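Keep in mind it's a predicted model, so treat the numbers as computed, not measured. Only heavy atoms go into these numbers, but all of them, side chains included; no hydrogens, no water, no symmetry mates.
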Amino acid sequence: MINSNNALILKNEQVARDIYVIELHIPNITFICRAGQFVNLYTGNNAMLLPRPISICRADKNRGVIKLVYRIAGKGTEIISRMKPDSLIRVMGPLGNGFKLEHGKVALVGGGVGIPPLLELAHALRENDDETDINVFIGYRNNETFLLNEFREICRHVDIATDDGSAGFHGNSVDLFKNGDTTQADFVYACGPLPMLKSLSEYMRNRADRLFLSLEERMGCGTGACMGCAVKVRDGANWVYKRVCRDGPVFTASDLLFDIEGA
């Protein structure tokens, strides 16, 4: 059964250009959230019935609070950005599957609003095995970074890249990852725009079974009913369509059909 409840907005503020952090008090779902899942937010506007899917950045079970980081990408998220603390917003979730937690030396690769779900993953990996060696490679548009301090609190090594070279490595997060000692990573987790994930999948073609991708596919209903977010996934010797919102958003790279040459 999918949870749908009103949540109290504790904070909703801008942290970079078009990037906002919203914190919601919703205790009944925080204890069942898993790294890699998302929630649907509803605008309350009758002209916009479809929800906006947002990845879970942090689920604080002690406070009963979830933190979400989102980019204004259209009218729906613009409406959400104007919602004030102490008001209510309808939330459905958590939805989708989560990341499989592995041990050893892991790398987290993220870009843009693909960065936030990796923070919850880092916490989950640390809680699952305190000896896990977590190395982070994240990319921003420019020096308006976010969540850096939170990553540095729990990860051994955090590197950043910027598209314009204004901070850290000049390039994207995949270039940054390639520039590091990537062969030492036992497992790699990534979330970000599709071209970024395709590029990383191509680079790790020989180790695709150790690469876990969280897809940012455009969704309609977010519950699997509309089939608007279907992607091709390996099923034995065949390929079948699966829904990112219900069967994902996390997939193993070796199971995904990527048109690498057309990326």
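Applying the side chain to side chain contact (heavy atoms under 4.5 Å, CB included) rule to T43 yields the partners N45, M48, I79, I80; only residues at least two apart in sequence or on another chain are considered. Legend: residues meeting salt bridge (Lys or Arg N to Asp or Glu O under 4.0 Å) with E78, ordered by chain and number and at least two apart, are R82. Y70 pairs by the side-chain hydrogen bond (donor to acceptor under 3.5 Å, both in side chains) definition with N12, not counting sequence neighbours. Under the rule for a side chain to side chain contact (heavy atoms under 4.5 Å, CB included), the partners of I154 that lie at least two apart in sequence or sit in another chain are A122, H123. Checked against side-chain hydrogen bond (donor to acceptor under 3.5 Å, both in side chains), N206 has no partners two or more places apart in sequence or in another chain. Judged as a side-chain hydrogen bond (donor to acceptor under 3.5 Å, both in side chains), and not counting sequence neighbours, the contacts of H103 are D129.
Of the possible polar contacts, one joining the S166 side chain to the N143 backbone as a donor-acceptor pair under 3.5 Å is found. Side-chain atoms of H170 come within 3.5 Å of backbone N or O of D163 as a donor-acceptor pair. Without hydrogens or angle criteria, S199 side chain to P195 main chain gives no donor-acceptor distance under 3.5 Å. N135 places no side-chain N or O within 3.5 Å of a backbone atom of A107 that could act as its donor or acceptor partner. A donor-acceptor pair is defined here as one N or O able to donate and one able to accept, closer than 3.5 Å; no such pair exists between the side chain of S214 and the backbone of C191. E23 contributes no side-chain N or O that, together with a main-chain N or O of V65, makes up a donor-acceptor pair within less than 3.5 Å. A donor-acceptor distance shorter than 3.5 angstrom exists from the side chain of Q37 to the backbone of G96, with no hydrogens or angles considered.
A continuous path of Ile, Leu, Val, Met, Phe, Trp and Tyr side chains, each step under 4.5 Å between heavy atoms, connects I9 with L41, placing both in one hydrophobic cluster. By the criterion of side-chain heavy atoms lying less than 4.5 angstrom apart, applied directly or through intervening Ile, Leu, Val, Met, Phe, Trp or Tyr residues, I26 is not grouped with L8; the two fall into different hydrophobic clusters. Under a hydrophobic-cluster definition in which Ile, Leu, Val, Met, Phe, Trp and Tyr are linked whenever side-chain heavy atoms come within less than 4.5 Å, directly or via other members, V39 and L88 are assigned to different clusters.
Taking all atoms of both residues into account, the shortest heavy-atom contact from A190 to L200 is CB-CD2, 3.4 Å. Here the closest heavy-atom approach between residue G64 and residue T30 is recorded as C-CG2, 3.5 Å. Residues V109 and V188 share a closest heavy-atom pair of CG2-CG1, 4.0 Å. L101 and A124 make their closest contact through CD1-O, 3.9 Å (heavy atoms, listed as atom of the first residue, atom of the second, distance). Contact record, I32 with P94: CD1-CD, 3.7 Å, taken as the closest heavy-atom pair. Closest approach of I89 and Y42 over heavy atoms only: CG1-O, 3.5 Å.
Summarising the geometry, atom NZ belonging to K11 is positioned 11.5 Å from atom CG belonging to L24; distances are rounded to the nearest 0.5 Å. In this structure, L118 CG and F137 CZ are separated by 12.0 Å, a value rounded to the nearest 0.5 Å. Taken to the nearest 0.5 Å, the CE atom of M83 stands 13.0 Å off from the OH atom of Y20. Separation of atoms CZ (R17) and CD1 (I72) is listed at 11.0 Å; rounding is to 0.5 Å. We find the CG-CZ distance between L95 and F38 to be 4.5 Å, quoted to the nearest 0.5 Å. Between D159 atom CG and S173 atom OG the span is 11.5 Å, to the nearest 0.5 Å.
Around NZ of K61, the count of heavy atoms belonging to other residues, nucleotides or ligands within 6.0 Å exceeds 12. For R126, the CZ atom sits in a packed shell: over 12 heavy atoms of surrounding residues, nucleotides or ligands are nearer than 6.0 Å.
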Where do N5 and V91 land on the side-chain contact (heavy atoms from CB on, under 4.5 Å) test, with the steps shown first? CA-CA 5 Å; N5 298 275; V91 180; 5.9 Å; no
side-chain contact (heavy atoms from CB on, under 4.5 Å) between R63 and L10: does it pass, once the steps are laid out? CA-CA 11 Å; R63 295 172 58 216; L10 302 179; 4.1 Å; yes
Walk me through whether S201 and L256 qualify under side-chain contact (heavy atoms from CB on, under 4.5 Å). CA-CA 9 Å; S201 296; L256 282 171; over 6 Å; no
Could you walk me through whether R152 and V136 pass the side-chain contact (heavy atoms from CB on, under 4.5 Å) check? CA-CA 9 Å; R152 286 170 174 160; V136 181; over 6 Å; no
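Using a 4.5 Å heavy-atom cutoff, the side chains of N128 and L125 are not in contact. A 4.5 Å side-chain heavy-atom check between P53 and N40 finds at least one atom pair inside the cut-off. In this structure the side chain of R34 reaches within 4.5 angstrom of the side chain of N97, judged on heavy atoms. You'll find the side chain of V21 reaches within 4.5 Å of the side chain of K67, heavy atoms only. Annotation: side chain of D186 is in contact with side chain of K105 (closest heavy-atom distance under 4.5 Å). For the pair V113/S55, no side-chain contact is recorded, criterion being any heavy-atom separation below 4.5 Å from C-beta on.
A side chain to side chain contact (heavy atoms under 4.5 Å, CB included) with Y140 holds for exactly one of I160, I19, N172; it is I160. With F99 as the fixed residue, the ring-ring contact (aromatic ring centres under 6.0 Å, His included) test singles out one of F251, Y189, F187: Y189.
Defined by atom type and a distance below 3.5 Å, a donor-acceptor pair is missing between the side-chain atoms of T77 and R71.
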